[in-house]
**Student:** 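Quick one: the structure is below, and I'll ask about it shortly.
All of these numbers come straight from a predicted model, not from anything done at the bench. Order of the sequence lines fixes the chain letters, A, B, ..., with proteins taken first and strands second; residue numbering starts at 1 for each chain.
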Amino acid sequence: MASLIINISLVGFMLVIALMILSSRRLFAVIVMSGAYSLISAAMFINLDAVDVAFTEAAVGAGFTTVLFMAAMAWLPAEEKRRETPRIFPLLICLVVGALLMWGVSYLPALGDPNAAPHQYVAPRYLAESYDKWHIPNAVTMVLASYRGFDTLGEVVVIFTGGLGVLLILTGKRRVRTDKEDES
Amino acid sequence: MKHNPILRVTSKILFAPIMLYGFYVQFHGDFGPGGGFQAGVIIAAALILYGLIFGLYSLKQVAPPPVVHALMGVGVLIFGGVGVVGLVLGGEFLNYSVLLADAAKGQHWGILLVEFGVGTTVASTILGLFMAFAGFVKEAP
């Protein structure tokens, strides 16, 4: 019951922040509010007992992304341009996709249901072996690093490649624009 | 922001605990919540805080970009290397049980090393991205 009340108030906060982001036109305010949105979703992950995910969300979503957005802001005007005609079609797509997602969620098994299909296949073996056989109390780390080590290696390579790509774009030699090119 | 005494003193006090917490999450990953990814972002966050307050130049003296860029690859190599060592010692790729005579101890050490590789790559990638972005912004129109 307590967790339900906390969840409802957290979702309420997130909705309010999302509406404020939509209505605000000042980029700085939008960036700060999206940081707050991430922080609240981190609190939500803690409520779901996913402390690892909450760490990452708080550090990357609320911290690092906000800093990157601030850096990008230096290249942008401070206020969003006002649009005269409201866009109906994107709004329609958002509503339809949202409704489809809500419909899909209703078919998901209940949170933490031990009889759900994904918890029947290999998860019981992982949970049983992790502590009794390998003496590692945190089953999440055991699964990520050992049972699913190959996937994690792939993830690390993805992070490495992504970082490499961005670094090549940002720190590579840039063409200096000369006056001649401006004229043509 | 170097000239604001409140920010300067607060960040100096906070820097060491954030770093320590990052290493705690890194090396305690198999006992409590956390692991390489989380530790990497926390350690990078501490260094980014330092860079935000004391400027990009000071940050580059603490963490020289060539070293940071090299560490990105080193982390992947540590992870892959542990897998290859398992292969050489007669197990499958990324099978940590063969690393030591005792299979459970092998798993412990394998996970610790692999998580260390993950943490190295994540921390250095995020730090490298921050430095690249901050350096890019300096030339903003």
**Student:** Could you grab the distance from atom CG of A/L170 to atom CZ of B/F133, nearest 0.5 Å is fine?
**Tutor:**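 CZ of B/F133 is found 5.0 Å from CG of A/L170.
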**Student:** Under the side chain to side chain contact (heavy atoms under 4.5 Å, CB included) rule, what do A/F64 and B/V41 come out as? Steps first, then yes or no, please.
**Tutor:** CA-CA 8 Å; A/F64 182 58; B/V41 291; over 6 Å; no
**Student:** Before giving the answer on side chain to side chain contact (heavy atoms under 4.5 Å, CB included), spell out for A/T152 and B/F79 the whole-Å C-alpha distance, their side-chain angles and the decisive distance to 0.1 Å.
**Tutor:** CA-CA 9 Å; A/T152 311; B/F79 201 139; 3.8 Å; yes
**Student:** Is A/Y107 reachable from A/V96 through a run of hydrophobic residues whose side-chain heavy atoms are each under 4.5 Å from the next?
**Tutor:**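 In one cluster: yes.
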**Student:** Does any heavy atom of chain A fall under 4.5 Å from the side chain of B/I126, the backbone, both, or neither of them?
**Tutor:**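 Answer is both: backbone and side chain atoms of B/I126 are under 4.5 Å from chain A.
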**Student:** In this structure, would B/V9 and B/I18 fall into the same cluster of hydrophobic residues linked by side-chain contacts under 4.5 Å?
**Tutor:**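 No; tracing contacts between hydrophobic side chains, which count when under 4.5 Å, never links both residues.
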**Student:** Minimum heavy-atom separation for A/G163 and B/L129, please, with both atom names.
**Tutor:**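 For A/G163 and B/L129, the tightest heavy-atom pair comes out as O-CD2, 4.1 Å.
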**Student:** Quick one: what part of B/F37 sits under 4.5 Å from any heavy atom of chain A, side chain, backbone, both or neither?
**Tutor:**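 The side chain, not the backbone.
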**Student:** For chain B, which residues from residues 23-52 of chain A have at least one heavy atom closer than 4.5 Å to it?
**Tutor:**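 Interface residues of residues 23-52 of chain A: A/V51, A/D52.
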**Student:** Is it the case that one hydrophobic cluster holds both B/V67 and B/I48, taking links as side-chain heavy atoms less than 4.5 Å apart, direct or via other members?
**Tutor:**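 Linked, B/V67 and B/I48 end up in one cluster.
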**Student:** When you measure from the side chain of A/H135 to the backbone N and O of B/K105, does any donor-acceptor pair fall under 3.5 Å?
**Tutor:**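 The answer is no, because no donor-acceptor pair under 3.5 Å joins these two groups.
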**Student:** With a 4.5 angstrom heavy-atom cut-off, could you sort out which part of B/H69 is near chain A: side chain, backbone, both or neither?
**Tutor:**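 Just its side chain gets close to chain A.
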**Student:** First locate atom CG of A/L164, then atom OG1 of B/T125, and finally report the distance between them rounded to the nearest 0.5 Å.
**Tutor:**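 One finds 9.0 Å between CG of A/L164 and OG1 of B/T125.
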**Student:** I need the contact set between residues 138-150 of chain A and chain B: heavy-atom distance under 4.5 Å, sorted by residue number.
**Tutor:**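 Answer by number: A/N138, A/T141, A/M142, A/A145, A/S146, A/G149, A/F150.
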**Student:** Do you know which of B/V114, B/I42, B/T121 has the most heavy-atom pairs with chain A at a distance under 4.5 angstrom?
**Tutor:**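 Top option by heavy-atom pairs under 4.5 Å: B/T121.
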**Student:** Distance from A/I136 atom CD1 to B/H108 atom NE2, nearest 0.5 Å?
**Tutor:**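 Output value for this atom pair is 4.5 Å.
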**Student:** Check whether more than 12 heavy atoms from other residues, nucleotides or ligands sit under 6.0 Å from atom CZ of B/F116, and answer yes or no.
**Tutor:**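 Open.
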**Student:** In terms of hydrophobic clusters joined by side-chain contacts under 4.5 Å, are A/L127 and A/V122 together?
**Tutor:**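 As far as the 4.5 Å side-chain criterion goes, A/V122 and A/L127 are not connected within one cluster.
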**Student:** For A/W134 versus B/S97, what's the shortest heavy-atom pair and its separation?
**Tutor:**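 Minimum heavy-atom separation between A/W134 and B/S97: CH2-OG, 3.4 Å.
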**Student:** Taking A/V156 as the fixed residue, which of B/I78, B/V122, B/V118, B/T120 is the one that meets the side-chain contact (heavy atoms from CB on, under 4.5 Å) rule?
**Tutor:**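 With A/V156 as partner, B/I78, B/V122, B/V118, B/T120 yield a single side-chain contact (heavy atoms from CB on, under 4.5 Å), made by B/V118.
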**Student:** If I measure from the heavy atoms of chain B, does A/F160 come under 4.5 Å with its side chain, its backbone, both, or neither?
**Tutor:**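 Both the backbone and the side chain of A/F160 come within 4.5 Å of chain B.
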**Student:** Linking I/L/V/M/F/W/Y whenever any side-chain heavy atoms sit under 4.5 Å apart, do A/L91 and A/L22 land together?
**Tutor:**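 Result: no, two separate clusters.
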**Student:** Which bit of B/Y96 comes within less than 4.5 Å of chain A, counting heavy atoms only: side chain, backbone, both or neither?
**Tutor:**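 When you check distances to chain A, only side chain atoms of B/Y96 fall under 4.5 Å.
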**Student:** Would you mind reporting whether B/Q38 and A/V53 have side-chain heavy atoms less than 4.5 Å apart?
**Tutor:**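 No - every pair of side-chain heavy atoms lies 4.5 Å or more apart.
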**Student:** Quick one: are A/L153 and B/F93 in side-chain contact, heavy atoms under 4.5 Å?
**Tutor:**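 Result yes, sub-4.5 Å side-chain heavy-atom pair found.
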**Student:** For B/V25, is it the side chain, the backbone, both or neither that has a heavy atom under 4.5 Å from a heavy atom of chain A?
**Tutor:**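 The answer is the side chain of B/V25.
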**Student:** Given side chains that start at C-beta, do those of B/Y21 and A/F55 come closer than 4.5 Å, heavy atoms only?
**Tutor:**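 Side chain of B/Y21 against side chain of A/F55, heavy atoms only: contact under 4.5 Å found.
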**Student:** Using a cut-off of 6.0 Å, state whether more than 12 heavy atoms not belonging to B/F27 lie near its atom CZ.
**Tutor:**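 Enclosed.
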**Student:** Go through the atoms of B/A103 and report whether side chain, backbone, both or neither lie under 4.5 Å from a heavy atom of chain A.
**Tutor:**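 Contact with chain A is through both the backbone and side chain of B/A103.
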**Student:** Considering residues, nucleotides and ligands other than A/L19, do more than 12 of their heavy atoms fall under 6.0 Å from its CG?
**Tutor:**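 Yes, enclosed.
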